[in-house]
Amino acid sequence: MRVLIANRGEIAVRVIRACREMGLPTVAVYSDCDRAARHVMEADRAEHIGPDEAVRSYLNFSAILDAARRSDADAVHPGYGFLSENAAFARACVDAGLTFIGPAPGAIEMMGSKTEARRAAMRAGVPVVPGTEAALGLDTAEEELTAIAADIGYPLMVKAVAGGGGKGMRVVEDPGGLLGALRTARSEAGSAFGDTAVYLERLLPRPRHVEIQLLGDSHGTVIPFVERECSIQRRHQKVVEESPSLAVSPALRARMAAAAAAVARAVGYTNAGTIEFLLDEDGSFYFLEMNTRLQVEHPVTEMVTGVDLVQWQIRIARGERLDLEPEQALTPRGHAIECRLYAEDPDENFMPSPGLIRGLRPAGGPGVRDDGGVSAGYRVPVFYDSLIAKLVTWGNARDEAIARMGRALREYQVLGIRTTIPFFLWLMQEPDYLAGRYDTTYLDRILAGRQGPFVEVAEEDAALAALAAALDVYFRAAGAGGARAVNGPRPLWTQIGRREALRG
Amino acid sequence: MRVLIANRGEIAVRVIRACREMGLPTVAVYSDCDRAARHVMEADRAEHIGPDEAVRSYLNFSAILDAARRSDADAVHPGYGFLSENAAFARACVDAGLTFIGPAPGAIEMMGSKTEARRAAMRAGVPVVPGTEAALGLDTAEEELTAIAADIGYPLMVKAVAGGGGKGMRVVEDPGGLLGALRTARSEAGSAFGDTAVYLERLLPRPRHVEIQLLGDSHGTVIPFVERECSIQRRHQKVVEESPSLAVSPALRARMAAAAAAVARAVGYTNAGTIEFLLDEDGSFYFLEMNTRLQVEHPVTEMVTGVDLVQWQIRIARGERLDLEPEQALTPRGHAIECRLYAEDPDENFMPSPGLIRGLRPAGGPGVRDDGGVSAGYRVPVFYDSLIAKLVTWGNARDEAIARMGRALREYQVLGIRTTIPFFLWLMQEPDYLAGRYDTTYLDRILAGRQGPFVEVAEEDAALAALAAALDVYFRAAGAGGARAVNGPRPLWTQIGRREALRG
Amino acid sequence: MTFEVEVEGRIRTIVIEHGDNPSSFRVQIDGEPGVVDAVRAGDKSLSIFGRVTFLRNGGPEKGTLRIGAAVQVTAGPAPGEGIVHLNGRTIRAVINGRRRRAAADEGAHGPGDVVVAAPMPGRIVRVLVAPGDQVTARQGLVVVEAMKMENELRAPRAGRVKEVSVVPGASVEAGCVLAVIE
Amino acid sequence: MTFEVEVEGRIRTIVIEHGDNPSSFRVQIDGEPGVVDAVRAGDKSLSIFGRVTFLRNGGPEKGTLRIGAAVQVTAGPAPGEGIVHLNGRTIRAVINGRRRRAAADEGAHGPGDVVVAAPMPGRIVRVLVAPGDQVTARQGLVVVEAMKMENELRAPRAGRVKEVSVVPGASVEAGCVLAVIE
């Protein structure tokens with residue numbers, strides 16, 4: 001089976017690794033600016049699919065299907081993002097005679113609608129956040145809306161049925177704000193998703209985001225995994241994930257896993273998927289949504305269970321039986337944490353920092369896993385999201401995993417662009433994070449209340465850095481480098497910087 | 001506690017990692033050619049200890065103790081090799097008021113003598129390879145020697161009491177060769193170790209080398225670990241290690257672990273140490289020797305038990321109690337394999353390949369641990385041994401670990417020098433290795449019988465490589481690089497190669 | 001040779017002169033003297049050891065820098081910016097930044113003009129001001145999208161918009177002038 | 001431009017000419033034509049795609065190379081040697097090696113002389129022959145120690161030792177002439 005990976009970056013590299021370990025040849029696809037990207041170098045062969053803009057390359061059905069045909073691929077792995085939750089693409093792959101490594105198109109479609117997914121969860125007897133069961137009709141009378149909202153209780157959320165990424169969402173604190181919020185949410189949803197349908201949901205004030213990974217095969221077996229704790233989010237975007245969650249006891253784990261498996265069984269779900277729950281402070285949990293694909297944060301689950309989720313995706317797609325021990329999937333061994341390294345400048349309000357990677361040395365050693373997607377000499381493009389690597393550490397207990405993360409972050413070198421490493425170095429020493437006292441509102445709250453750079457530089461180090469920078473310029477200008485220079489002179493970085501920054 | 005690491009390369013980096021995870025500041029030491037070595041960059045500070053030759057730097061007691069004094073170090077970790085099994089150095093550290101992170105000087109001394117170590121094993125009731133209990137006196141009559149040898153049985157080995165690294169060792173096939181072998185072994189031992197003492201030992205024809213890692217604290221607790229299988233050796237040098245061993249059943253594991261712990265307890269051993277056994281085809285095992293230090297191959301044990309051995313070395317040296325669950329240490333979870341990446345050219349009979357590392361990209365992703373000791377821009381010196389990194393993979397079962405190793409080896413890039421990666425790529429597909437059918441004689445036997453490069457290049461890839469090389473030279477010569485060149489022109493590698501190769 | 005190096009918001013004056021042997025240098029940090037042994041070791045690495053006095057927080061208290069280090073120095077994304085990697089700490093050092101800024105400010109534009117440039121490549125999503133508008137400090141001027149994120153670029157000080165150099169939909173490179181405030 | 005490139009013991013003649021646009025090239029491998037699109041992408045990387053015919057095992061059977069690859073090319077330790085990394089395969093390519101060898105052989109020494117050079121830096125442990133000695137092919141000439149290993153360097157062919165250029169204890173660099181066989 002030859003596998004085409006309809007994606008790029010770290011997840012394309014991740015899938016290539018799984019394929020290679022299974023002895024399967026791989027085909028990468030690439031846009032113009034990704035010609036020499038890492039996933040292209042790692043794959044057995046590569047096909048060009050179009051220009052830089054994702055809509056003309058990584059989101060372009062026909063270019064990807066053409067590439068599959070040209071390269072004699074038998075299967076397509078969509079990764080996450082891009083076309084991974086696009087039912088029409090999954091269907092187009094199947095129609096083209098390709099194995100789609102993911103759930104059936106119908107399952108993607110059903111779980112892609114927030115209200116349909118909520119109904120599926122309710123049918124399976126799984127609690128959902130109290131709210132309206134179906135989309136609110138445009139013709140619903142104001143009195144009726146007010147009554148429905150009063151039933152749910154305030155504060156509540158207006159949410160787009162087709163929503164995602166925080167768009168088409170509005171918080172309503174009291175009855176007076178309801179109608180205005182409905183109007184703006186509908187209008188935002190209409191322009192973002194082409195669908196004005198919205199529904200109401202109770203707002204949990206300080207929930208944790210806890211999710212259950214699961215696998216299902218085509219023979220009716222569904223296996224849920226130990227939970228992932230994903231409450232560390234900046235503007236609704238996960239930045240740190242861990243497994244297990246400090247807030248989940250073995251008994252609660254068993255209940256959440258059973259609930260997740262019930263939803264998956266109810267819809268006949270196959271392949272890898274994740275049920276996201278909100279976990280309230282009182283220990284009750286509510287179905288939030290289902291992701292019908294591999295998650296960015298799947299490595300923490302792999303680290304504490306030893307199960308290779310991507311290899312299982314491929315096996316399941318081939319029709320194999322999921323003969324995994326359910327006990328292994330549900331029993332965490334130790335603790336794992338993932339930090340998402342983004343090409344962003346945390347000291348400049350997380351502004352994007354694309355550009356040339358002049359040097360790269362990932363962390364290594366015991367208990368460290370690097371899932372990287374870039375390489376030295378690669379120019380991180382502005383066209384796609386800014387995730388350049390995921391750094392995952394493991395420890396017998398959470399404190400060991402955190403200590404290891406601190407060590408690995410100090411070791412990790414990305415030269416030439418800014419990354420979120422300094423932010424994580426800071427977070428890994430925050431008392432509330434260390435104590436596990438956090439919910440989904442935690443990170444935005446503490447970021448709003450702090451100032452100054454994330455890593456403070458000691459006076460001695462600042463003086464040494466100034467001296468080192470001056471020596472470097474001195475050596476380069478002199479075309480020498482002291483007694484043992486090993487390379488010829490190269491352009492001054494003071495010139496490089498100016499040339500690169502001011503061109504265009 | 002500030003820790004000075006009296007070593008270099010990957011093991012110095014490994015110890016720095018452990019210290020940093022424990023919050024302990026570190027001091028690196030370096031010779032001239034190691035000024036900008038990786039361990040120097042990783043440590044919190046670094047001290048120069050002398051010129052390139054190890055005897056004037058890494059083996060120089062007083063330079064190292066001076067460095068410890070200058071840097072206010074409280075403790076010394078010796079790594080492996082260099083001064084790690086030098087009782088006088090351990091004693092000098094203690095005398096200087098430094099904590100020596102290793103066993104007591106007396107234990108190093110006793111177990112450093114092969115005959116004393118054999119006696120200690122026998123006292124603990126552990127079988128040793130049948131042989132003479134003490135060194136053979138120079139005045140022993142020829143008839144007596146012949147009688148002793150006949151008692152032991154042929155084939156047998158003449159071994160130097162102070163031996164190591166295959167020197168002062170001779171195989172004797174039959175009585176006729178005995179006296180000649182004694183003579184040459186004595187003379188070799190005399191010039192290699194300054195000690196002509198030798199003893200006799202029965203030669204096991206096809207033994208496996210299986211060893212038991214253990215930890216002992218200063219409160220009398222000794223904990224043995226699951227065995228390591230180290231039979232894949234080239235000229236008596238280990239090149240691949242794994243844990244657990246296919247040849248060891250749980251029952252045999254329990255017996256070997258108990259035997260190893262008995263030896264350690266008998267000599268009041270503290271800190272990390274390893275008991276090496278020869279395992280015969282019939283399942284009987286014999287004490288071979290004890291290594292009173294951390295082993296190169298310790299990561300495979302860490303991967304299957306989750307225990308950080310280096311952190312425990314430090315805790316034990318601080319007087320802490322070894323409160324580890326003995327069950328965790330003795331129960332392997334999954335399977336781990338280590339390949340030692342040497343700067344050697346396997347296709348030229350493993351000739352050393354020092355030189356400038358022009359690029360380095362270790363393998364990453366699931367189940368991979370990289371313990372590297374070099375970095376891009378570093379010139380691997382000719383003065384020390386050629387280990388540049390250890391690549392370790394983990395899998396739920398041995399075949400998964402092997403598949404992962406094959407994948408990781410393909411991913412691992414060391415540009416500029418030759419390494420043993422192609423050799424390991426070949427070995428990981430050898431039927432006898434895959435089946436676990438091997439003993440300590442295996443590798444030398446199959447290497448003697450094969451020819452040609454370790455990795456065969458398909459005709460298509462050869463043609464593409466030729467084209468790529470020509471394009472590269474064309475681009476560099478043109479000072480361009482096609483439409484999207486991101487860097488200025490650099491010297492042609494055809495010139496670099498000549499300039500570097502012919503200088504001096 | 002004399003350099004002004006800005007680290008963590010403070011400018012230090014560094015003087016470097018050849019010493020007695022090829023790897024020896026006489027240096028000054030803010031006028032305080034020292035001697036170091038330094039060599040380049042690879043494309044990006046320097047090895048430095050020695051002892052230098054320096055002024056704590058600009059003085060008058062003095063500290064002693066006992067250096068034994070291998071550091072990496074590479075070009076950063078901003079003009080004149082070097083990134084120094086030192087035992088897992090990433091420190092930005094801008095060489096002669098004051099002069100560089102002065103030159104930029106006095107270049108194409110009048111004295112007192114402030115140039116707002118794109119800090120990264122991207123696409124202009126919205127332009128929020130027009131020439132002639134009065135703006136307050138930190139008022140939004142232009143929204144640039146890069147890497148699927150929208151970033152609002154703000155006025156560094158109050159003033160009048162003298163020039164807007166981009167239109168919505170345009171692609172810009174890092175350093176591209178977006179607007180000028182006078 | 002024409003290159004002779006030796007890979008896996010076989011020399012291929014590669015011709016490269018500019019094509020219709022900046023990243024397009026007309027190439028020939030052993031006289032068989034093709035067109036590729038190629039760009040440099042970073043210090044060591046090339047991206048190449050296209051279609052080229054080539055002769056299998058030197059011909060007459062032809063194969064088609066469908067290229068879609070990003071490769072890395074760096075200098076290898078030997079003169080004129082490039083190392084091509086291609087999907088986890090490491091392939092040595094020597095540019096114009098025949099010419100290089102001819103030049104070296106005819107350089108300082110007479111035609112027909114064979115120069116035995118140090119393949120790596122190291123220290124001379126033993127010299128096993130003297131000028132004037134007759135040696136057989138693969139007879140040991142000099143023992144060099146590097147990285148704690150002793151390596152015996154042997155005569156590439158039978159002949160008479162014309163010159164021995166090193167003494168025990170000497171340090172040598174890679175490429176250093178150790179002996180000449182005539």
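Every chain is numbered from 1 and lettered A, B, ... according to where its sequence line falls, protein lines coming before strand lines.
The two residues B:D44 and C:N87 have their closest heavy-atom pair at O-ND2, 2.9 Å. Closest non-hydrogen pair, C:A70 versus B:R35, comes out as CB-O, 3.8 Å.
Once rounded to the nearest 0.5 Å, the distance linking CZ of C:R66 with CZ of B:R70 reads 7.0 Å.
For B:A28, no part lies under 4.5 angstrom from a heavy atom of chain C. Within the 4.5 angstrom heavy-atom criterion, no atom of C:L86 approaches chain B. Interface residue B:E42: only backbone heavy atoms are found under 4.5 Å from chain C.
The most heavy-atom pairs under 4.5 Å with chain C, out of B:R38, B:R20, B:M41, come from B:M41.
Atom CG of C:D20 has 12 or fewer heavy atoms from other residues, nucleotides or ligands within 6.0 Å. Counting heavy atoms of neighbouring residues, nucleotides and ligands inside a 6.0 Å radius, atom CZ of B:R56 does not exceed 12 of them. C:R51 CZ: 12 or fewer foreign heavy atoms inside a 6.0 Å radius.
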